[in-house]
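Reviewing the structure listed below.
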Amino acid sequence: MQSISAAWLYPLILIAGALQAWGPPMNGALREAVTNPWLASTISFLPVVAFMGLLFLCMPRPFPTADGVAGMPWWAPLGGIVGSFAVICGLIFVNKVGAGAFAGLTITANILMSLLIDHFGMFGMEQHSLNLWRVLGGALMVAGVALVALF
């Protein structure tokens with residue numbers, strides 16, 4: 001999967017982004033049905049764990065090396081917990097603000113934080129300095145989400 005060509009890479013990323021818009025409304029409906037947001041979050045993650053477990057059983061290689069695990073940053077396994085916060089917020093708040101505003105706010109916050117991650121080269125990412133065009137792009141995101149949220 002690491003050597004996938006750009007002809008497949010960008011369409012797959014766009015599909016993944018489009019599908020992400022489905023998650024909060026689905027999770028909002030789940031929360032409405034089961035009432036308890038913590039139970040809804042747990043139910044939401046169970047199919048993910050099952051799916052990933054099946055994929056691992058079908059394609060168990062490559063296994064991690066001892067050096068790879070020993071050299072792993074302490075924060076590397078926490079991405080799922082960070083993502084769970086977004087899921088919990090989605091299932092609690094999407095029905096209050098609407099799917100468009102929720103997606104706009106989360107995507108804009110994601111872009112702005114990503115600009116900082118790039119600028120400082122955080123989490124082992126290659127450093128990409130802020131410049132006028134990147135700042136303008138972030139500002140346009142803020143303006144766009146304001147329009148979506150207000151109207």
Side-chain angles (χ1 to χ4, degrees), residues 1-31 33-94 97 99-142 144-145:
M1 291 298 284
Q2 295 295 334
S3 61
I4 191 167
S5 76
W8 286 100
L9 178 70
Y10 290 101
L12 287 174
I13 292 170
L14 289 170
I15 291 168
L19 290 175
Q20 279 185 325
W22 293 13
M26 290 173 158
N27 285 330
L30 177 62
R31 187 195 54 80
V34 300
T35 308
N36 184 320
W38 311 114
L39 176 60
S41 296
T42 302
I43 292 169
S44 178
F45 281 104
L46 288 176
V48 175
V49 172
F51 179 69
M52 296 309 293
L54 285 173
L55 282 179
F56 177 75
L57 289 175
C58 293
M59 300 178 281
R61 301 213 189 304
F63 286 110
T65 65
D67 288 341
V69 172
M72 178 177 61
W74 67 267
W75 42 260
L78 301 179
I81 290 175
V82 171
S84 72
F85 183 73
V87 170
I88 291 166
C89 285
L91 63 89
I92 294 173
F93 302 127
V94 72
V97 299
F102 184 83
L105 289 165
T106 57
I107 292 166
T108 300
N110 185 307
I111 293 291
L112 296 175
M113 182 56 70
S114 296
L115 289 172
L116 291 176
I117 290 169
D118 280 351
H119 180 74
F120 294 108
M122 298 164 64
F123 306 111
M125 297 297 299
E126 184 179 328
Q127 195 265 340
H128 297 276
S129 296
L130 281 174
N131 59 40
L132 175 65
W133 299 112
R134 297 187 97 190
V135 170
L136 181 60
L140 288 171
M141 291 288 296
V142 171
V145 76

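Quick caveat: nothing in here was measured; it's all calculated off a predicted structure. All heavy atoms count here, side chains included; hydrogens, waters and symmetry mates do not. Throughout, numbering of the chain's residues begins at 1 and tracks the sequence.
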Original post:
Do you know which two heavy atoms are closest between Pro25 and Ala99, and how far apart they sit?
Top reply: CG-CB, 4.0 Å
Original post:
Is a side-chain donor or acceptor of Thr106 paired with a backbone partner of Ala103 at a separation under 3.5 angstrom?
Top reply: yes
Subject >> Main-chain N/O of Pro37 paired to Arg31 side chain as donor or acceptor, under 3.5 Å >> reply: no
N/O donor-acceptor pairs under 3.5 Å from side chains in residues 61-78, not counting sequence neighbours:
| unit_1 | atom_1 | unit_2 | atom_2 | d |
| --- | --- | --- | --- | --- |
| Thr65 | OG1 | Gly68 | N | 2.9 |

Subject >> Rounded distance [0.5 Å steps], CE in Met141 versus CG in Leu136 >> reply: 12.5 Å
Original post:
Can you list every side chain to side chain donor-acceptor pair (under 3.5 Å) pair that touches residues 15-27, not counting sequence neighbours?
Top reply: Asn27-Ser44
**OP:** Return the set of residues passing side chain to side chain contact (heavy atoms under 4.5 Å, CB included) with Met59 (not counting sequence neighbours), or none when no residue passes.
**Re:** Leu55
**OP:** Can you sort out the partners of Leu57 under side chain to side chain contact (heavy atoms under 4.5 Å, CB included), two or more places apart, ordered by chain and number?
**Re:** none
Original post:
Which residue pairs pass the salt bridge (charged side-chain N to carboxylate O under 4.0 Å, His left out) test with at least one member in residues 13-27, sequence neighbours excluded?
Top reply: none
Subject >> Partners passing side chain to side chain contact (heavy atoms under 4.5 Å, CB included) against Val97 (at least two apart in sequence or in another chain) >> reply: Ala101, Phe102
**OP:** Would you mind reporting whether Leu30 and Ile43 have side-chain heavy atoms less than 4.5 Å apart?
**Re:** yes
Can I get a per-line list of side-chain donor-acceptor pairs under 3.5 Å for residues 114-128, giving both atom names and the distance, sequence neighbours left out?
| unit_1 | atom_1 | unit_2 | atom_2 | d |
| --- | --- | --- | --- | --- |
| Ser114 | OG | Asn110 | O | 2.7 |
| Ser114 | OG | Asn110 | OD1 | 3.2 |
| Asp118 | OD2 | Arg134 | NH2 | 2.9 |
| His119 | ND1 | Leu130 | N | 2.9 |
| Gln127 | NE2 | His119 | O | 2.8 |
| Gln127 | NE2 | Ser129 | OG | 2.8 |

Original post:
By side chain to side chain contact (heavy atoms under 4.5 Å, CB included), which residues pair with Ile88, not counting sequence neighbours?
Top reply: Trp38, Ser41, Ile92
**OP:** Please report the closest heavy-atom contact between Leu105 and Val145, naming both atoms and the distance.
**Re:** N-CG2, 3.2 Å
**OP:** Compare every heavy atom of Ala40 with every heavy atom of Val34, then report the nearest pair and how far apart it is.
**Re:** CG2-CB, 3.7 Å
